[in-house]
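This is a predicted model, so every value here is computed, not measured.
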Amino acid sequence: MSDTQLQGKRVAFLVATEGVEQVELTQPWEAVRAAGGEPVLVSTQPGRVQAFDHLDAADSFAVDVLVYDATVGDYDALVLPGGVANPDSLRTSREAVAFVGQFAASSKPIAAICHAPWTLVEADAVRGRRLTSWPSLQTDLRNAGAEWVDEQVVVDTSGPGPLITSRKPDDLEAFSKTLLEHVAGVSS
């Protein structure tokens, strides 16, 4: 993908104040930036978010926009990075769940990796959709009406907008590539 393929495109990365798996935030973020897009860090509190490398604290990142100030119309796509604590915290935020629900009702892509589909469950955005995740979420996703599969990257286009999901950090290259294709309007 060229370094201008996403020129003029803004991608929201929604995370809680702590617990996001750093590589699941930074690798897609850098892919969006390298393709000429503008990644925007959206969170539930002002200041900085604490990322983790599995269970160890890693870097912190400055919040760009608070979720209650964010509107779907300002973004071309939504990325939900994983980490266990991150989506578990997001699903308790009314504003975060509402933002995800509004995105799910739009025609815009949502990309979620690892444990991030927990937030999609809370927003009732997986019913009738085919997706993947970290394996421990499969029962939660099935109970919420999703078809869970164990694949590197899954794109479900049965809803208003494409839902892109992956299982784990090892899938990030395919996840990021698929995200860029859908933000650019080119699906494989």
Side-chain angles (χ1 to χ4, degrees), residues 1-17 20-44 46-49 51 58-83 86-87 90 95-96 98-117 119-120 123 125 131-132 152-157 159-188:
M1 179 149 300
S2 79
D3 61 357
T4 60
Q5 189 70 27
L6 298 186
Q7 192 70 35
K9 305 279 187 174
R10 297 180 80 215
V11 178
F13 284 73
L14 177 61
V15 299
T17 57
V20 64
E21 185 69 29
Q22 182 161 316
V23 70
E24 293 174 2
L25 170 63
T26 58
Q27 191 165 329
W29 179 284
E30 288 303 318
V32 166
R33 198 173 59 71
E38 178 188 355
V40 179
L41 190 60
V42 179
S43 191
T44 57
R48 298 186 72 79
V49 298
D59 297 324
S60 68
F61 300 89
V63 172
D64 297 314
V65 176
L66 296 177
V67 72
Y68 50 81
D69 291 332
T71 59
V72 172
D74 291 341
Y75 304 100
D76 297 288
L78 173 64
V79 176
L80 299 170
N86 175 53
L90 283 178
E95 295 85 2
F99 185 64
V100 171
Q102 291 162 7
F103 242 102
S106 78
S107 61
K108 299 175 180 184
I110 297 176
I113 188 166
C114 198
H115 289 78
T119 309
L120 293 169
L131 65 155
T132 194
Q152 182 180 46
V153 65
V154 175
V155 179
D156 180 286
T157 57
L163 178 59
I164 303 156
T165 53
S166 284
R167 304 167 298 188
K168 56 189 174 183
D170 289 347
D171 300 337
L172 276 165
E173 185 174 333
F175 177 76
S176 296
K177 178 182 181 289
T178 305
L179 167 66
L180 296 181
E181 290 171 351
H182 283 274
V183 175
V186 178
S187 59
S188 52

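- Closest approach of Gln102 to Val72, counting heavy atoms only: CB-CG2, 3.6 Å.
- Checked options Val153, Val183, Thr165; the residue passing with Thr178 is Val153 (criterion: side chain to side chain contact (heavy atoms under 4.5 Å, CB included)).
- Closest of all the heavy-atom pairs between Gly83 and Glu24 is N-OE1, 3.5 Å.
- Side-chain contact between Val63 and Pro46 is absent, with no heavy-atom pair separated by less than 4.5 Å.
- Here the OG1 atom belonging to Thr132 is positioned 13.5 Å from the CD1 atom belonging to Ile164, to the nearest 0.5 angstrom.
- For the side chain to side chain contact (heavy atoms under 4.5 Å, CB included) criterion with Val23, the lone passing option out of Pro28, Pro81, Pro169 is Pro169.
- Although no hydrogens or angles enter the test, the distance criterion places a donor-acceptor pair under 3.5 Å between the side chain of Ser43 and the main chain of Val15.
- Glu95 places no side-chain N or O within donor-acceptor distance of the main-chain N or O of Val67, the cut-off being under 3.5 Å.
- Rounding to the nearest 0.5 Å gives a distance of 14.0 Å between CZ of Arg167 and NE2 of His115.
- Under the 4.5 Å side-chain criterion, counting only non-hydrogen atoms from C-beta, Phe175 is in contact with Leu172.
- Put simply, the side chain of Phe61 reaches to within 4.5 Å of the side chain of Thr26, judged on heavy atoms.
- Listed for the Asn86 side chain is a donor-acceptor partner under 3.5 Å among the backbone atoms of Ala16.
- Rounded to the nearest 0.5 Å, atoms CD1 (Ile110) and CG (Leu120) are 6.0 Å apart.
- In terms of heavy-atom proximity, Ala116 sits nearest to Ala112 at CB-CB, 3.9 Å.
- Put simply, CG on Leu80 and OG1 on Thr119 are 6.0 Å apart, with the number rounded to the nearest 0.5 Å.
- Taking all atoms of both residues into account, the shortest heavy-atom contact from Pro160 to Ala104 is CG-O, 3.4 Å.
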**Stepwise side chain to side chain contact (heavy atoms under 4.5 Å, CB included) test for Tyr75 and Val65** = CA-CA 12 Å; Tyr75 304 100; Val65 176; 3.7 Å; yes

**Request:** Test side chain to side chain contact (heavy atoms under 4.5 Å, CB included) on Asp74 and Arg10 and set out the steps.
**Result:** CA-CA 7 Å; Asp74 291 341; Arg10 297 180 80 215; 3.7 Å; yes

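- Side-chain contact check for Leu180 versus Gln5: every heavy-atom pair is 4.5 Å or farther apart.
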**Check against side chain to side chain contact (heavy atoms under 4.5 Å, CB included), Val40 and Asp64** = CA-CA 6 Å; Val40 179; Asp64 297 314; 3.7 Å; yes

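- Taking all atoms of both residues into account, the shortest heavy-atom contact from Leu14 to Ala96 is CD2-O, 4.1 Å.
- A distance-only check finds a donor-acceptor pair linking the side chain of Gln22 to the backbone of Asp59 [under 3.5 Å].
- Contact check on Glu173 versus Lys177 returns no salt bridge, with no Lys/Arg side-chain nitrogen under 4.0 Å from an Asp/Glu carboxylate oxygen.
- Residues Leu41 and Trp29 have side chains in contact (heavy-atom distance under 4.5 Å, counting atoms from C-beta outward).
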**Message:** Under the criterion side chain to side chain contact (heavy atoms under 4.5 Å, CB included), I'd like the reasoning laid out for Leu78 against Phe99: C-alpha separation, chi angles, the key distance, then a yes or no.
**Reply:** CA-CA 10 Å; Leu78 173 64; Phe99 185 64; 3.9 Å; yes

